[in-house]
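Comments concern the structure below.
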Amino acid sequence: MIAPVYCAATARAFRRAVLPDLPDLLAIEAACFPTDQMTARQFRHAITKAKGVCLVALRDAVVVGYGQVATHARTPIGRLTSLAVHPDHRRFGVARALLTALEEAAQALGCDRVRLEVRRDNTAALALYLRSGYTPFGLYEDYYEDGMAALRLERRFPLRDTVPAIVPTCV
């Protein structure tokens, strides 16, 4: 198991997801998304086989959130495929810190930007992404199971001389 990187100032830690996290990931998924939920099989793939990184956020050693960035060898664009924080642990800065950790991981994997899709009616997530420097660049109509459209957002990273660690230090 990979040891978490701990941030004493915020009582948060981040580490790569491992298979024993699966029940927690599924519980967070069910609590956060009424439709379009990731399955156990999809999480297993993200943890063990997918190119990219799947991180969990911990508060007091409890998994309270997760995020996943997928990468592809032929493009410098990372894709944030999912980010969720359990409703009981929102409003503590976990989502913002987790997003930062995922962005740093994407950069360490060679990405010069990250793209994502977000439900057009998910005002909280949309506000987080816009505050974090993401800009809209497209729309997918009828994207989600219930017919809701998805806004496409992108954040380009500034050029760096150094490559950050895959799991960030205190964020």
Side-chain angles (χ1 to χ4, degrees), residues 1-5 7 10 12-19 21-22 24-26 28-29 32-33 36-58 63-86 89-90 93-119 122 124-138 140 143-144 150-160 162-171:
M1 180 177 285
I2 297 171
V5 173
C7 181
T10 58
R12 288 188 294 255
F14 305 94
R15 64 166 167 75
R16 284 186 179 267
V18 292
L19 288 176
D21 295 326
L22 195 54
D24 293 327
L25 297 175
L26 291 169
I28 291 167
E29 191 76 0
C32 293
F33 303 114
D36 298 277
Q37 295 177 9
M38 285 183 63
T39 65
R41 182 178 181 180
Q42 289 169 319
F43 274 119
R44 261 189 234 98
H45 180 78
I47 293 168
T48 62
K49 296 181 181 166
K51 294 189 186 323
V53 65
C54 184
L55 297 179
V56 293
L58 305 162
V63 175
V64 299
Y66 79 89
Q68 178 182 338
V69 171
T71 61
H72 192 280
R74 288 184 245 149
T75 178
I77 302 170
R79 183 165 177 260
L80 179 67
T81 58
S82 193
L83 182 128
V85 174
H86 192 281
H89 296 275
R90 291 182 183 160
V94 176
R96 177 68 195 113
L98 182 56
L99 181 59
T100 297
L102 290 163
E103 291 169 344
E104 289 182 7
Q107 289 177 78
L109 293 168
C111 297
D112 66 4
R113 72 192 89 169
V114 168
R115 289 183 175 174
L116 60 90
E117 293 83 31
V118 61
R119 285 180 65 94
N122 189 341
L126 188 55
L128 168 69
Y129 296 131
L130 293 175
R131 276 193 320 266
S132 300
Y134 286 77
T135 56
F137 73 94
Y140 284 138
Y143 185 77
Y144 293 97
L151 295 173
R152 299 186 72 202
L153 305 177
E154 176 181 82
R155 178 164 183 233
R156 293 175 183 259
F157 303 125
L159 296 176
R160 292 187 178 191
T162 60
V163 176
I166 292 229
V167 177
T169 57
C170 186
V171 289

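Throughout, numbering of the chain's residues begins at 1 and tracks the sequence. Nothing here was measured: the structure is a model prediction, and the numbers come from that model.
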Heavy-atom check, side chain of S82 versus side chain of M38, under 4.5 Å
yes
Between the CG atom in L99 and the CG atom in L83, the distance rounded to the nearest 0.5 Å is 6.0 Å
Considering all heavy atoms, the nearest A101-L55 contact:
CB-CD1, 3.8 Å
Qualifying residues under ring pair (Phe, Tyr, Trp, His ring centres under 6.0 Å), relative to Y140, sequence neighbours excluded
Y143
Donor-acceptor check, side chain of Q37 to backbone of F33, threshold 3.5 angstrom: yes or no?
yes
V85 backbone acceptor or donor facing R90 side chain under 3.5 Å
yes
Using 4.0 Å as the upper bound for N to carboxylate O, is an ion pair formed by D21 and R15?
yes
Closest heavy-atom pair, L25 versus A17, reported as atoms and distance to 0.1 Å, is CD1-CB, 4.5 Å
Which distance, rounded to the nearest 0.5 Å, do you find between the CD1 of I28 and the NE2 of H89?
8.0 Å
Which atom pairs, donor and acceptor, lie under 3.5 Å between side-chain atoms of residues 41-48 and protein residues at least two apart or in another chain?
| from | atom 1 | to | atom 2 | distance (Å) |
| --- | --- | --- | --- | --- |
| Q42 | OE1 | T39 | N | 2.7 |
| Q42 | OE1 | T39 | OG1 | 3.4 |
| T48 | OG1 | R44 | O | 2.7 |

Return the set of residues passing salt bridge (charged side-chain N to carboxylate O under 4.0 Å, His left out) with E154 (not counting sequence neighbours), or none when no residue passes.
R113, R115, R156
What distance do L58 atom CG and F14 atom CZ have between them, rounded to the nearest 0.5 Å?
8.5 Å
L151 side chain near P136 side chain, heavy-atom distance below 4.5 Å:
no
Euclidean distance, D24 CG relative to E29 CD, rounded to 0.5 Å
13.0 Å
Taking only residues two or more places apart in sequence or in another chain, which ones pass side-chain contact (heavy atoms from CB on, under 4.5 Å) with T81?
Q68, A70, R79
Using a 4.5 Å cut-off on heavy atoms from C-beta on, say whether the side chain of V94 contacts that of V64.
yes
Distance-only criterion, 3.5 Å: show the donor-acceptor pairs between side-chain atoms of residues 125-134 and protein atoms not counting sequence neighbours.
| from | atom 1 | to | atom 2 | distance (Å) |
| --- | --- | --- | --- | --- |
| S132 | OG | R96 | NE | 3.4 |
| S132 | OG | R96 | NH1 | 3.2 |
| S132 | OG | L128 | O | 2.8 |
| Y134 | OH | E103 | OE2 | 2.8 |

So, using side-chain contact (heavy atoms from CB on, under 4.5 Å) as the criterion, who are the partners of C111 when residues are at least two apart?
T71, A106
State whether the side chain of E117 and the backbone N or O of A150 hold a donor-acceptor pair below 3.5 Å, judged by distance alone.
no
